[in-house]
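Residues: numbered from 1 along the sequence shown.
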Amino acid sequence: SGLLQIEASASQNLLDDVALTLGTGGTASLLFETADANANALTVVFPEGGATDVPAFIIGDASISNVDLTWFNALTEPSLVVVNDAADAYVRLDSGDNAVAGSQGLYFKAAADEDIELVNLSVTGTPRICWDESADAFAIYNAVGLTLYNTTDETNYERLRLYWGGNVA
């Protein structure tokens, strides 16, 4: 593997619809796409996926450099992946399309049978939703209540409210 280093003393500009390609033969590309007249956008284009070239954008530190992670072999669904510091666990986001083999939506791969933090909120009390491996159940911490809605619009819905440690409102 080689290193390409570009030094510039002024801004560099790639024109609309001109791809910066990566990989032998331009396997992946980055471009400002203007094909949709109402939604020009920065686009990362991956291969269709298959045996070796997979459509994954993987973020990690130096622990994933030049390592055969094995997790994404033959992946076909475009995915955004974040790998932990030890390179033994990750979270992956894809479309969750049931018609696509291997599509999982938001998927957490733990390093072992362990608890997994799913949602943490930066508000008073820091409520969290976790997978509690020892209880084999989802756990909600530091929250007073949980409201589940069955609705197709905001004015007509059924509601189930669960409360603990306080009064029902």
Side-chain angles (χ1 to χ4, degrees), residues 1-8 11-36 38-123 126-143 146 148:
S1 67
L3 174 68
L4 170 65
Q5 183 174 344
I6 299 172
E7 293 184 25
S11 296
Q12 300 299 307
N13 185 34
L14 285 177
L15 300 176
D16 293 349
D17 304 310
V18 174
L20 172 62
T21 60
L22 304 167
T24 303
T27 308
S29 63
L30 176 71
L31 73 149
F32 190 75
E33 175 70 62
T34 62
D36 183 337
N38 300 313
N40 298 337
L42 181 63
T43 307
V44 178
V45 180
F46 293 108
E48 285 298 321
T52 53
D53 292 331
V54 298
F57 190 88
I58 303 170
I59 301 169
D61 64 13
S63 61
I64 69 169
S65 183
N66 293 311
V67 174
D68 183 357
L69 297 172
T70 71
W71 300 320
F72 313 111
N73 298 351
L75 181 72
T76 59
E77 188 70 4
S79 301
L80 176 61
V81 180
V82 178
V83 178
N84 72 337
D85 183 49
D88 61 1
Y90 67 87
V91 60
R92 178 178 145 213
L93 176 64
D94 66 32
S95 70
D97 185 349
N98 288 337
V100 177
S103 182
Q104 298 170 316
L106 183 60
Y107 176 75
F108 294 86
K109 190 263 182 214
D113 284 340
E114 62 186 1
D115 295 350
I116 298 175
E117 297 282 336
L118 301 173
V119 177
N120 284 276
L121 301 178
S122 179
V123 296
T126 315
R128 303 178 310 145
I129 301 175
C130 308
W131 173 255
D132 184 338
E133 183 63 26
S134 62
D136 199 24
F138 288 102
I140 300 173
Y141 298 104
N142 302 329
L146 172 67
L148 305 173

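Side-chain contact between Leu118 and Cys130: absent, with no pair of heavy atoms (C-beta onward) separated by less than 4.5 Å. Leu30 places a side-chain heavy atom less than 4.5 Å from the side chain of Leu42.
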Start with the C-alpha distance between Leu20 and Leu31, add both sets of side-chain angles, then the distance that settles side-chain contact (heavy atoms from CB on, under 4.5 Å), and finish with yes or no. CA-CA 6 Å; Leu20 172 62; Leu31 73 149; over 6 Å; no

Might you work through the side-chain contact (heavy atoms from CB on, under 4.5 Å) test for Glu117 and Arg128, ending with a clear yes or no? CA-CA 7 Å; Glu117 297 282 336; Arg128 303 178 310 145; 2.5 Å; yes

Is there a ring pair (Phe, Tyr, Trp, His ring centres under 6.0 Å) between Phe138 and Trp131? Walk through the geometry before answering. CA-CA 5 Å; Phe138 288 102; Trp131 173 255; 5.1 Å; yes

Please test Ser29 against Thr21 for side-chain contact (heavy atoms from CB on, under 4.5 Å), starting from the C-alpha separation and ending with a verdict. CA-CA 4 Å; Ser29 63; Thr21 60; 4.1 Å; yes

List the steps, then state whether side-chain contact (heavy atoms from CB on, under 4.5 Å) holds for Leu106 with Val91. CA-CA 7 Å; Leu106 183 60; Val91 60; 3.7 Å; yes

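Of the possible donor and acceptor atoms, none in the side chain of Asn84 sits under 3.5 Å from a partner among the backbone N and O of Tyr90. In this structure, the side chain of Thr27 engages the main chain of Thr24 through a donor-acceptor pair within 3.5 Å.
Of all the heavy atoms in Glu77 and Asp94, the pair that sits closest is CG-CB, 3.5 Å. Minimum interatomic distance between Leu75 and Ala56 (heavy atoms only, all atoms of both residues): CD2-CB, 3.9 Å. Taking all atoms of both residues into account, the shortest heavy-atom contact from Ile59 to Ile64 is C-CD1, 4.2 Å. Pairing each heavy atom of Val54 with each of Phe72, the nearest pair is CG1-O, 3.4 Å. Closest approach of Glu133 and Asp115 over heavy atoms only: N-OD1, 2.8 Å. Scanning both residues, Pro55 and Thr76, for their nearest heavy atoms gives CG-O, 3.6 Å.
Rounded to the nearest 0.5 angstrom, Lys109 NZ and Asp88 CG are separated by 6.5 Å. Between atom CG of residue Leu80 and atom CD1 of residue Ile58 there is a gap of 10.0 Å, rounded to the nearest 0.5 Å.
No side-chain donor from either of Asp68 and Thr70 sits under 3.5 Å from a side-chain acceptor of the other. Remark: the Asp132 side chain and the Ser134 side chain contain an N/O donor-acceptor pair separated by less than 3.5 Å. Between the side chains of Asp17 and Thr34, at least one donor N or O sits under 3.5 Å from an acceptor N or O.
Ala51 pairs by the side-chain contact (heavy atoms from CB on, under 4.5 Å) definition with nothing, not counting sequence neighbours. For Trp71, there are no side-chain hydrogen bond (donor to acceptor under 3.5 Å, both in side chains) partners two or more places apart in sequence or in a different chain.
Contacts classified as side-chain hydrogen bond (donor to acceptor under 3.5 Å, both in side chains) and involving residues 39-58 (residues at least two apart or in different chains) are not found.
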